[in-house]
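A short worksheet on the structure shown next.
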Protein chains: 2
Amino acid sequence: MLTDRQLIILQVIIDDFIDSAKPIGSRALSKKDNLPYSAATIRNEMADLEELGFLEKTHTSSGRVPSEKGYRYYVDHLIGPERNHHGLGIIESLTNNGIFEFEQIVQTAAEALSQLTNYTSIILGPEMFEATVKQIQVLALSNQSAVAILVTNTGHVEHRSFTLPKGISSSDLEKLVNILNDRLHGVPLFKLPEVIQNEVTSLMVKYMNGLDSSLNWIRALFTHEHAVKLYFGGKANILMQPEFNDVDRIRSFYSLMEREDEIVDLLKNTNQGIKVSIGHENEVDEIKDLSLITASYHIGGGQLGTIALIGPTRMEYKKVLSLMQSISKEMTGAMDKWYRDKS
Amino acid sequence: MLTDRQLIILQVIIDDFIDSAKPIGSRALSKKDNLPYSAATIRNEMADLEELGFLEKTHTSSGRVPSEKGYRYYVDHLIGPERNHHGLGIIESLTNNGIFEFEQIVQTAAEALSQLTNYTSIILGPEMFEATVKQIQVLALSNQSAVAILVTNTGHVEHRSFTLPKGISSSDLEKLVNILNDRLHGVPLFKLPEVIQNEVTSLMVKYMNGLDSSLNWIRALFTHEHAVKLYFGGKANILMQPEFNDVDRIRSFYSLMEREDEIVDLLKNTNQGIKVSIGHENEVDEIKDLSLITASYHIGGGQLGTIALIGPTRMEYKKVLSLMQSISKEMTGAMDKWYRDKS
DNA sequence: ATTTAGCACTCAAAACAAGAGAGTGCTAAC
DNA sequence: GTTAGCACTCTCTTGTTTTGAGTGCTAAAT
């Protein structure tokens with residue numbers, strides 16, 4: 001329903017605004033190469049585009065600025081074929097020495113993403129629900145203390161130090177660990193608390209006397225929220241954006257960034273693929289004037305994490321989208337390669 | 001050299017400014033209870049105090065504001081006996097279930113510190129230099145991959161996933177781990193790279209053939225910077241301070257917060273006890289208009305970490321100092337209790 | 001039937017002006 | 001030594017004017 005000329009004008013306006021952050025007027029537009037029309041003509045078109053809701057004015061006699069609907073249209077229809085970012089190889093370079101360090105990979109990716117865009121990136125670590133117990137070990141550090149270590153089939157390690165119950169013997173401890181390994185091997189993490197409750201407790205009461213209290217730490221070790229973790233990149237970078245020249249906006253942004261559970265919610269709810277939420281399309285008040293791009297990365301085909309980027313609605317969508325695509329692909333690749341052969 | 005009256009006036013001015021953040025004039029001061037003098041008298045005293053360098057004016061006819069020298073004097077001489085913050089019990093409540101989770105303790109302490117003050121707190125994790133190797137384990141996850149786990153005598157666990165060298169047999173792997181445990185048990189972390197280089201390498205070449213390349217990951221696992229870690233609390237809280245009403249100041253602050261190595265340097269160089277650095281007493285440019293309080297906490301008597309608090313020079317020194325003292329004592333207590341019996 | 005030139009009009013932002021208010025320094029009286 | 005009084009200074013607020021970019025509309029040109 002938009003004429004070709006309107007399309008071009010819309011595109012040029014948005015492109016210009018994305019990089020200048022200033023409203024643009026008809027006169028300036030008419031000077032652009034791809035718009036061989038007079039200011040007056042463009043004015044008319046702009047008035048139409050405004051009527052259709054793609055543009056806005058900041059005041060009655062100002063230049064035009066893209067509306068959220070404008071950005072939406074831009075993202076959906078005006079972004080060309082993403083020029084291939086041909087894999088930055090950031091992640092690859094981290095794994096090709098044979099070492100696979102999850103935290104490092106994710107953190108590096110988050111930082112790179114922010115560095116390249118000057119927005120703030122957030123990566124949601126994978127949920128470990130489906131990982132299963134590979135081995136449990138308890139290592140005494142002294143007469144009173146020990147550390148318990150749990151390794152999953154995916155190579156994740158959890159550990160917890162604790163004080164030993166009084167009077168426990170090393171043979172008791174060994175027995176205990178044996179029971180645990182016997183019963184818990186292969187159990188997925190999310191079922192752990194349940195299995196411990198139902199199967200292990202009774203066994204332990206049977207074979208070991210007077211150690212009820214010691215069960216606490218076992219439960220604590222394994223009930224531990226296998227919480228998804230957030231990795232931030234360049235929380236400060238976004239401050240370079242002129243949109244953040246206002247102290248209150250900064251405050252509200254950073255206060256949101258500290259409420260990690262809200263952020264997790266924000267990112268979790270993502271289906272596969274890339275999703276762009278512009279301004280008020282976002283649920284959370286604090287980012288109703290920002291845009292949020294999320295992309296998922298998959299591991300092992302099922303579990304997934306999310307890569308996100310937050311910036312002003314005036315975002316370099318073209319660049320960002322192809323970049324996110326690349327990184328998400330790279331992450332998925334690295335994860336796949338690593339997790340593929342783990343049963 | 002200061003008269004009693006000047007002392008009181010100085011104190012009142014600083015106290016007032018600390019909580020109002022506004023310059024205070026002679027008239028307002030003369031109305032305070034503990035200053036039964038006329039505005040004119042106080043004006044004279046203030047002029048003297050300014051001449052001595054304890055006060056400043058923001059412009060020729062403004063009220064007075066404490067200078068850095070003023071704050072220094074305040075901190076050194078005018079702060080009364082710290083009312084005992086009688087241990088907030090924050091940390092105790094985390095450990096009395098028998099579980100000792102280092103990260104959790106430190107993170108909680110950092111957050112509490114910031115919460116209670118509305119400044120930003122940073123805690124420098126302990127250096128693990130003196131911890132010694134307790135056990136090394138390598139667990140195969142599949143034919144191609146494994147995870148290596150290192151436990152120290154203090155209960156710290158490091159781990160690293162990696163791809164197995166092609167053609168390594170499980171008996172080779174076992175042999176390898178035996179060698180490692182045999183040679184590395186009891187070796188302090190900071191000596192690890194050296195010992196591996198000198199003792200282990202030759203042994204391995206001797207007993208295992210063709211596995212030179214596999215040494216890479218061993219070295220990588222243990223050479224891993226046992227970097228001290230930073231724990232931040234309330235990076236956003238400091239934004240509530242009126243001093244941070246300026247966007248550029250915020251930018252420079254946050255950009256510093258991201259340069260973690262600089263921060264580590266800043267905190268590392270601390271002798272025992274509490275240290276207050278006011279404004280230009282700080283080395284780093286970005287905080288030359290802020291104050292930094294550092295306190296150390298000790299573990300095992302030797303190694304130590306640092307607790308720090310950053311706020312405007314107009315800081316509630318009285319409250320902060322006693323608070324830092326409490327927390328540092330609590331941390332030291334918890335650590336001591338935990339690490340005492342580990343050889 | 002488009003496109004364009006011309007012109008009156010609008011509004012934000014910058015520049016300027018006037019007052020008010022808080023505070024000082026100094027002098028002279030207490 | 002202390003205080004009252006007063007002239008003076010400087011910021012901050014408020015209101016006014018000017019400027020300039022940009023619009024909408026009408027009428028002419030294509």
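All values below come from the heavy atoms of this structure, side chains included, with hydrogens, waters and symmetry mates left out. By convention in this document, chain letters (A, B, ...) are assigned in the order of the sequence lines, proteins followed by strands, and residues within each chain are numbered from 1.
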When you check the gap from the basic side-chain N to the acidic O, do [X] and [Y] get nearer than 4.0 Å?
{"X": "A/R314", "Y": "A/D19", "result": "no"}
{"X": "A/D248", "Y": "A/R251", "result": "yes"}
{"X": "B/E45", "Y": "B/R5", "result": "yes"}
{"X": "B/E283", "Y": "B/K288", "result": "no"}
{"X": "A/R259", "Y": "A/E286", "result": "yes"}
{"X": "A/D289", "Y": "A/R249", "result": "yes"}

Atom CZ of A/F17 and atom P of D/dG22 are separated, to the nearest Å, by 13 Å
Taken to the nearest whole Å, NZ/A/K22 to P/C/dA12 is 18 Å
Distance col, row B/I263:CD1 vs B/T306:OG1, nearest 0.5 angstrom, shows 12.5 Å
| When rounded to the nearest 0.5 angstrom, what is the spacing between CD1 in A/I9 and CZ in A/R64? |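 If I round to the nearest 0.5 Å, the distance is 11.0 Å.
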Would you call the rings of B/Y71 and B/Y317 parallel, tilted or perpendicular, taking 30° and 60° as the class edges? tilted
Per-nt protein contacts along nucleotides 21-30 of chain C (heavy atom under 4.0 Å; B base, S backbone sugar-phosphate only, - none) come out as -BBBBB----
### Task
Find which nucleotide of DNA chain D each of B/R5 and B/T58 is nearest to by heavy atoms, and output the residue with the more 5' nucleotide.
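Final value for this comparison: B/R5.
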Closest non-hydrogen contact found for B/L52 with B/K69 is O-NZ, 2.8 Å
Identify, residue by residue, the members of residues 29-39 of chain A with a heavy atom below 4.0 Å from DNA chain D, and return them in order of residue number, or none.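 Here the set is empty: none.
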Any protein N or O atoms within reach of nucleotides 28-30 of chain D? Criterion: under 3.5 Å, listing atom names and distances.
none

